[in-house]
Amino acid sequence: MQYWLFKTEPDVFGIDDLARAPDQTARWDEIRNYQARNFLRDEVRVGDQVFIYHSSCKQVGIAGVAEVVRGAYPDPSQFEPSHALFDVKAAPGSPRWFCVDIRLRECFSQVIPLRQIKATAALADMTLVRQGRLSVQPVSAAQWQLVLKLR
DNA sequence: GCCAACGTTGGC
DNA sequence: GCCAACGTTGGC
């Protein structure tokens with residue numbers, strides 16, 4: 001079992017939307033970055049635990065925990081011509097982009113601020129701190145436990 | 001809204 | 001394969 005951090009813009013789809021979804025389960029889709037895609041497609045497994053991170057919003061930080069309940073499958077949005085992220089180079093037989101399904105496990109009472117994570121010396125090696133712009137990123141077991149202590 | 005950092009595209 | 005130009009991310 002591995003740990004991950006998934007980013008989202010809560011104005012588009014945040015942890016509250018996940019909480020309201022049927023069975024508190026939703027497709028994690030619209031990833032259009034190769035590094036993130038490779039993690040989703042090749043390494044994210046059913047049962048893996050995921051931090052839900054809110055970006056580009058008032059309260060930037062980690063909002064809660066979810067669990068992967070379905071492994072990688074082709075992201076349907078790439079095949080829909082009307083979709084903003086339609087990919088003309090993708091075909092059902094040769095998908096380029098993948099998604100997974102996740103279910104909410106815990107919504108933190110308060111978002112753990114990015115500021116606080118950056119201020120925690122033991123978390124200085126988190127990908128979140130080192131590489132700001134990756135939307136699917138691995139989290140070590142030690143980092144996972146440390147972040148949970150900041151709740 | 002600014003802008004740094006990073007990713008992608010495309011000519012050569 | 002290089003690299004300039006351009007686009008996107010995302011904190012502040």
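Every chain is numbered from 1, with letters handed out A, B, ... down the list of sequences. Computed over heavy atoms, backbone and side chain alike; hydrogens, waters and symmetry mates excluded. What you are looking at is a predicted structure, and each value in this text was computed from that prediction instead of being measured.
Here Tyr53(A) reaches the OP1 or OP2 of dG11(C): one of its side-chain N or O atoms lies under 4.0 Å away. Between Lys7(A) and dG10(C) there is a side-chain N or O to OP1 or OP2 distance below 4.0 Å.
The CD1 atom of Ile117(A) sits 11 Å away from the P atom of dG11(C) (whole-angstrom rounding). Note: CD (Gln137(A)) to P (dT9(C)) measures 15 Å, nearest angstrom. Atom P of nucleotide dT8(C) and atom CD of Gln35(A) are separated by 19 Å, given to the nearest angstrom. Summarising the geometry, the separation between CZ on Arg133(A) and C1' on dG11(C) is reported as 12 Å, rounded to the nearest angstrom. When the P atom of dT8(C) is taken as reference, atom CD1 of Ile31(A) falls 16 Å away, rounded to whole Å. Protein atom NZ of Lys89(A) is 11 Å distant from nucleotide atom P of dT8(B), rounded to whole Å. Rounded to a whole Å, the CD1 atom of Ile62(A) is 12 Å from the P atom of dG11(C). We find that CG of Asp11(A) is positioned 14 Å from P of dT9(C), with the value rounded to whole Å.
Ion pairing between a basic and an acidic side chain is recognised when a charged N comes within 4.0 Å of a carboxylate O; Arg32(A) and Asp75(A) show such pairing. In this structure, Arg103(A) does not pair ionically with Glu67(A), as no charged nitrogen and carboxylate oxygen lie closer than 4.0 Å. Taking 4.0 Å as the cut-off between side-chain N and carboxylate O, Asp48(A) and Arg45(A) do not count as a salt-bridged pair.
For an aromatic pair to be called close, the ring centres must be under 6.0 Å apart, and Phe51(A) with Trp4(A) fails this. Taking the six-membered ring for Trp, Tyr34(A) and Trp97(A) have ring centres closer than 6.0 Å.
For the pairing with Val147(A), the side-chain contact (heavy atoms from CB on, under 4.5 Å) check across Ile62(A), Val139(A), Thr120(A) returns one residue only, Ile62(A).
Looking at heavy-atom distances under 4.0 Å, Gln131(A) makes contact with sugar-phosphate atoms alone, never a base. Contacts of Lys118(A) with the nucleic acid, taken as non-hydrogen atoms under 4.0 Å apart, involve only primed sugar atoms and P, OP1 or OP2. Residue contacts for Ser55(A): at a heavy-atom cut-off of 4.0 Å it reaches the sugar-phosphate backbone alone, with no base atom in range.
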Under 3.5 Å, which N/O atoms of the protein pair with N/O atoms of nucleotides 4-6 of chain C?
none

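Taking the ring centre of Phe39(A) as origin, the terminal cationic atom of Arg41(A) falls outside the region bounded by 6.0 Å and 45° from the ring axis.
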